[in-house]
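All chains are named by letter (A, B, ...) in the order of the sequence lines, taking the proteins before the strands, and each is independently numbered beginning at 1.
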2 protein chains.
Amino acid sequence: MVKAKRILKWQRDPEGMRIRILEAAKQEFATHGLAGARVDRIAAKAGANKRMLYYHVGKKDDLYLAVLEGAYEQIRVEERGLDLEHLDPPEAIERLIGFTWNYFIRNPEFLALLNTENLAKARHLKRSTKVKSMHSPFVEMIRTVVMRGVANGDFQVAVDPVQLYISIAALCFFYLSNSATLSVIFGRDLLKKEARDERLDHMVALVLAALTGKSTAAFGNSKALKHRAAAAHSDA
Amino acid sequence: MVKAKRILKWQRDPEGMRIRILEAAKQEFATHGLAGARVDRIAAKAGANKRMLYYHVGKKDDLYLAVLEGAYEQIRVEERGLDLEHLDPPEAIERLIGFTWNYFIRNPEFLALLNTENLAKARHLKRSTKVKSMHSPFVEMIRTVVMRGVANGDFQVAVDPVQLYISIAALCFFYLSNSATLSVIFGRDLLKKEARDERLDHMVALVLAALTGKSTAAFGNSKALKHRAAAAHSDA
DNA sequence: ACAGTAATTATCCAACGGGTTAATTTGTCC
DNA sequence: GGACAAATTAACCCGTTGGATAATTACTGT
């Protein structure tokens with residue numbers, strides 16, 4: 001598939017162009033939503049003529065769906081890279097939360113795209129066989145982790161993996177997706193480093209406390225709590 | 001303020017008109033977002049001439065801000081109606097979650113409006129002294145409930161009330177706001193009664209397990225769990 | 001009854017925005 | 001070196017949309 005037949009000067013580069021268009025479109029849709037996105041702006045950002053969008057991808061809606069599918073594709077790929085099998089159940093859960101958290105922080109457009117798609121009542125997603133076939137490996141990962149945890153006594157009870165998956169996503173997603181309004185309401189910047197670290201501590205502590213029945217220090221000593229080892233939370 | 005000076009036939013009713021406009025605008029903005037909303041559609045839905053919007057409220061942006069402020073106002077009012085003082089701490093938390101959950105279910109436009117505002121990076125909210133002055137009573141409520149719980153031994157640790165507030169909102173908000181995409185991903189309707197009841201059970205169990213250190217039945221017996229007393233969850 | 005004001009309607013318009021048509025350029029293959 | 005297709009550009013089209021102007025109607029106090 002390596003199209004570098006001749007690495008020489010090529011004014012023309014279809015695949016490169018397509019990628020630039022989709023990247024520009026992703027930014028545009030993430031920033032302005034579907035209705036707020038401007039086709040001309042996407043073209044400009046991609047350094048392309050407007051006609052190119054229609055030539056390489058399709059109309060605005062097709063463009064949007066392509067972006068959405070790409071976004072799901074990307075997270076699924078990264079999710080698959082996370083192996084929790086060899087970790088202690090509590091560590092596995094912590095890692096799972098850490099990954100989700102950091103992925104959302106690294107890919108804010110993903111959050112925006114999901115919100116946009118939900119505003120559209122998943123109209124496009126429903127038509128996408130592609131996305132529907134991309135199952136998240138997390139649900140199965142969680143199931144085995146929870147079962148192991150229950151078996152070895154780390155966890156008190158067997159939670160429904162789907163519910164837990166949604167809950168972990170929820171804790172991360174909402175905080176980041178709504179950080180703008182929440183920051184105004186609480187009168188402080190929820191995105192600054194310390195606030196983010198504190199949030200991650202809280203989420204991990206909350207979920208682990210629920211699973212193990214044992215509260216960790218971070219969960220309790222709120223407010224006057226230490227962010228010491230917080231830096232250790234990076235994803236795979 | 002009762003403007004019913006003469007209850008007789010009035011073709012004209014400014015305040016009623018304003019209310020109809022704001023209600024129509026709320027639906028429109030919630031359904032289509034800020035950019036997707038159409039001024040003409042709002043007028044039509046309100047049974048008004050388009051000019052009336054500008055006369056009674058202002059331009060599109062003003063209209064949107066007015067709707068947003070109204071939405072915050074409404075939830076704050078209902079929040080204040082919830083008194084948790086006389087309840088056992090665990091019951092108080094359960095009630096808090098139940099209220100949040102049911103409020104979001106009863107007011108789906110609120111979720112959509114918040115998402116829209118966050119897409120706009122809270123641009124409008126920042127300019128609204130009105131909303132900034134409307135503090136949620138929940139943070140203080142949670143603080144005292146948690147302190148009581150710790151004091152009487154119900155709770156193991158003192159969580160940061162702000163974090164807990166955000167977490168509870170997150171668990172409810174994300175599930176409902178993203179139900180469209182999640183339903184597609186999981187291939188089942190997350191909004192049907194049984195699914196909603198199961199979700200509420202899970203959220204209550206998760207948070208209470210974390211706070212008390214004792215897992216409840218509902219948290220453990222996932223999937224094959226009973227929705228028996230689920231009907232009891234109605235808000236204040 | 002009438003003047004004055006508040007509320008409402010009818011109509012218009014310029015800018016915008018998605019999408020298209022048709023011409024032009026660039027590379028490829030013989 | 002020219003034919004053919006792929007890629008790119010320039011220019012245009014036309015329905016939509018937020019907003020404005022100005023005329024009209026209903027209510028109020030006198």
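The existence of a salt bridge linking A/Glu23 and A/Arg20 is excluded, since no basic side-chain nitrogen approaches an acidic carboxylate oxygen closer than 4.0 Å. The existence of a salt bridge linking A/Arg18 and A/Glu15 is excluded, since no basic side-chain nitrogen approaches an acidic carboxylate oxygen closer than 4.0 Å. Ion pair A/Glu28/A/Lys45 flagged as a salt bridge, since at least one NZ, NE, NH1 or NH2 atom sits closer than 4.0 Å to an Asp/Glu carboxylate oxygen.
Among the atoms of the strands shown, base atoms are found under 4.0 Å from some heavy atom of A/Lys50. The residue B/Ala37 sits close only to the backbone: its heavy atoms come under 4.0 Å of sugar-phosphate atoms, none of a base. Using a 4.0 Å heavy-atom criterion, one finds that A/Ala43 contacts no nucleic acid atom at all. Residue A/Arg38 is classed as a sugar-phosphate contact, given heavy-atom separations below 4.0 Å to backbone atoms only.
Distance from the side chain of B/Arg51 is smallest to D/dT21 among C/dG18, D/dT9, D/dT21. Here the nucleotide nearest the side chain of A/Met52, chosen from C/dT8, C/dG18, D/dT8, is D/dT8. The side chain of B/Tyr55 lies closest to C/dA7, out of C/dA10, C/dA7, C/dT20. Among the nucleotides D/dT8, D/dT17, C/dT9, the one closest to the side chain of B/Asp40 is D/dT17. With C/dG18, D/dG19, D/dT8 as the candidates, the nucleotide lying closest to the side chain of A/Met17 is D/dT8.
In this structure, the side chains of B/Thr100 and B/Phe173 stay at 4.5 Å or more apart for every pair of heavy atoms.
Atom-to-atom, CZ of B/Arg41 to C1' of D/dT16 comes out at 11 Å; the value is rounded to the nearest Å. When the C1' atom of D/dA7 is taken as reference, atom CD1 of A/Ile19 falls 16 Å away, rounded to whole Å. One interatomic measurement links the two molecules: CG of B/Leu63 to C1' of D/dT17, which rounds to 15 Å at whole-angstrom precision. Between B/Tyr54 atom OH and C/dC13 atom C1' the separation is 13 Å, expressed in whole Å. Atoms CD1 (B/Ile42) and P (D/dG18) sit 8 Å apart, rounded to a whole Å. In this structure, the NZ atom of B/Lys59 is 12 Å from the P atom of D/dT21, given to the nearest Å. Rounded to whole Å, atom C1' of C/dG18 lies 16 Å from atom NE2 of A/His32. One atom, NZ of B/Lys60, and another, C1' of D/dT16, lie 12 Å apart when rounded to the nearest Å.
In this model, the phosphate group of C/dT8 is approached by a side-chain N or O of B/His56 to a distance below 4.0 Å at OP1 or OP2.
Ring planes of A/Tyr72 and A/Phe110: perpendicular class, angle over 60° (limits at 30 and 60°).
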